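Structure, as structure tokens:
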Amino acid sequence: MELDSLYQEVILDHYKHPQHKGLSPTFSAQVTHVNTSCGDEIILNINLDNELISELTWEGQGCSISQASVSMMTDLLTGKTLKQAAVIVKSFSELMASKGTSAGDPLVLEDAVVFAGVSKFPGRVKCSLLGWMAFKDAAIQAQANNRGER
Amino acid sequence: MSFSAAQIRKDFPIFERTVCEGKRLVYLDNGATSQKPLSVIESESDFYRLHNAAVHRGAHQLAEEATDAYEGAREIVAAFLGAPGGADEIIFTKSATESLNLLAYAMGNAPVGNRFAVGAGDRIVVTEMEHHANLIPWQQLTARTGAELAWFKVTAESRLDLSTINDVITANTKIVSVTHQSNVLGTINPLAAIVARAHEVGAVVILDACQSVPHMSIDIKALGVDFLAFSGHKALGPTGIGVLWGHMDLLNELPPFLFGGSMIENVTMTTATWAPVPQKFEAGVPNMAQAVGLGAALNYLTNLGMDNVHAYEVALTGYLLEKMHAVPDLRIVGPANTQSRGGTLSFTIKGIHPHDIGQYLDSQGVAVRTGHHCAWPLARALSIPASTRASLYLYNDESDCDALVDAILGAQKYFGRF
Ligand SMILES: Cc1ncc(COP(=O)(O)O)c(C=O)c1O
């Protein structure tokens, strides 16, 4: 069924067993992003150690796609530098804009290539990008906050 | 004549197509917009094909025909609503959203001394179950004027809590704007008590009738409200056409909102005076073909009889409610039975997000809406981030309800496998 390309096992697995869920008590920046069309919401905490993303934690409510995407993203980006993260975010955004024409680069995106199937469903692309947009925002704010502290 | 949804469906060309690789279209998103019968599609295209000209302007035959068609639609709307002052009380807008904004802006324009002038010390009352279109214009008006916003809360039984009505509609209340039927809960609100209290304190009552006009017979005199708004596209009519009705004496006192051509009486370089109602509120060349299409839609409904439509939908709602009650882990967001309730059925399913339900239903040819349905504060009040909404109309039947419930059970199986 066409639906199976959307609801891949890995996605539903992350949905049922979300990673890095539960907000860290301290953070370099905290952002809240909402998908205004459906009410999905995530709060993302980022901890930056100079250029290194030392911790990403989140809390949220939403559909399987948005929640699985945040879960996978936090797995993928924790321990990366901001530069490495930017490459991954760009690759994921391009995949989601591909309308099902791209398979995604497994060397960059690892498990997150399963979202290739989601890119065929225009109504769900926003869901899968919710966490990633929050990350972009959080990274900028964290850098500004860290600069301010010094 | 017995009411036959199957017969009615034949009047709607869209039901000739299939969705999702050959599946029958089960259209249950009527709360968002209705499908159109051929007579509406044809009356709109006939306007362009045969009569197109700017109404009230040209000195030629086409302009006269166009004006007759447009003004004829106004007569049809007036009769449909039972407007006490006739067609002149009907104002065409582009949508209910525009109708409600028109009121909020026009009232905001009212000079001191005008009965609609609002300011610090005045109160505007809405309800917790309003669509954003009947909430935000009033939020903004209070923000601009310093007036205060108050609202009726919604009870656990999905009804308005009128127990504190005298504390909500206070002596300083100027405007009470409420929905007739909730676009999320399906609740039909008891207007008599609200209208009586509002009029006791000298407030005007505005009715958002978007979800009632398409589904039940409306008699403005019996409702007792002062203004009423609805959208054509939810009542079998075209998009781009909405209605604002108001009592003539109130419309005469209400200042205009949009300024420009066709709404003036006399203009100099520095001043202007206004044309009589309804022209005063219809600046610019209006959505003519759409108004004519709305007339055709209301004629279609009148031929069926609104009491028949309503009785049919209530019975169908009862059928669907009963089937839904039997689904495990399903919670209805709205009244549990058909008492004072329309055919809008929102629900949640334990463990499956509405967006995922909607996606699964779509794969089975069942069209519903998911999310907060433009009533975010209501979702917050009910502590449900989102819900799935099935909304019935006259062309739906028991087989559509069966298809919905089968698909819900299918979704539970599909997402339950992990
Ligand atoms: C209760 C209610 N009020 C207002 C509106 C706004 O209608 P429209 O978007 O056609 O202006 C809607 C429809 O979405 C509605 O259901």
Side-chain angles (χ1 to χ4, degrees), chain A residues 1-19 21 32-43 58-72 96 99-100 111 114-131 134, chain B residues 18-23 29 32 131-133 135-136 183-184 333 346 348-389 407-408 410-418:
Chain A
M1 187 175 17
E2 177 74 346
L3 212 55
D4 293 339
S5 66
L6 178 65
Y7 294 115
Q8 311 244 355
E9 254 188 88
V10 195
I11 291 183
L12 290 178
D13 198 44
H14 270 271
Y15 179 48
K16 299 261 154 96
H17 309 285
Q19 307 295 303
K21 195 167 175 178
T32 302
H33 275 225
V34 178
N35 186 341
T36 50
S37 63
C38 60
D40 283 9
E41 188 174 315
I42 85 139
I43 305 169
W58 63 283
E59 201 43 77
Q61 281 176 334
C63 66
S64 58
I65 304 297
S66 73
Q67 305 295 289
S69 181
V70 186
S71 172
M72 256 187 247
M96 295 324 295
K99 302 198 164 97
D111 271 0
V114 296
F115 279 89
V118 181
S119 77
K120 278 186 265 178
F121 294 81
R124 305 307 290 274
V125 168
K126 249 185 158 173
C127 308
S128 53
L129 287 172
L130 179 64
Chain B
T18 56
V19 291
C20 301
E21 287 145 14
K23 293 207 176 61
D29 196 15
H131 187 282
H132 295 162
L135 170 63
I136 306 173
N183 67 311
V184 179
V333 182
S346 295
T348 58
I349 305 265
K350 200 170 141 205
I352 316 177
H353 190 272
H355 218 158
D356 296 320
I357 299 272
Q359 192 83 50
Y360 184 87
L361 297 191
D362 181 50
S363 76
Q364 303 302 305
V366 179
V368 295
R369 179 157 176 198
T370 64
H372 46 63
H373 318 300
C374 298
W376 212 332
L378 175 63
R380 291 188 211 282
L382 301 172
S383 302
I384 41 165
S387 62
T388 307
R389 179 183 76 182
I408 293 171
Q412 287 180 320
K413 222 163 134 195
Y414 185 82
F415 292 108
R417 68 201 159 108
F418 293 92

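A quick note: this is a predicted structure, and the numbers were derived from the prediction, not measured. A note on names: the letters A, B, ... follow the listed sequences, proteins ahead of strands, and every chain is numbered from 1.
Judged as a salt bridge (charged side-chain N to carboxylate O under 4.0 Å, His left out), not a single pair has a partner in residues 365-388 of chain B (not counting sequence neighbours).
Within 6.0 Å of atom NZ in A:Lys99, 12 or fewer heavy atoms from other residues, nucleotides or ligands are found, so the atom counts as exposed in its surroundings.
Atom NE2 of B:His355 is separated from atom CD1 of A:Ile65 by 9.0 Å, given to the nearest 0.5 angstrom.
No part of B:Glu21 comes within reach of chain A, as not one of its non-hydrogen atoms sits under 4.5 angstrom from that chain.
Contacts of B:Thr370 classified as side-chain hydrogen bond (donor to acceptor under 3.5 Å, both in side chains), with partners at least two apart in sequence or in another chain: none. Under the salt bridge (Lys or Arg N to Asp or Glu O under 4.0 Å) criterion, B:Asp362 pairs with no residue, sequence neighbours left out.
Among the residues in residues 119-130 of chain A, those with a non-hydrogen atom closer than 4.5 angstrom to a non-hydrogen atom of chain B are A:Phe121, A:Gly123, A:Arg124, A:Cys127.
Counting only distance, with no hydrogens or angles, the side chain of B:His372 and the backbone of A:Thr36 share a donor-acceptor pair below 3.5 Å.
Considering all non-hydrogen atoms of both residues, A:Leu3 and B:Tyr360 come closest at CD2-CD1, 3.3 Å.
Side chains of A:Asp40 and B:His353: a donor-acceptor N/O pair is present below 3.5 angstrom, by distance only.
The aromatic ring centroids of B:Phe415 and A:Tyr7 lie less than 6.0 Å from each other.
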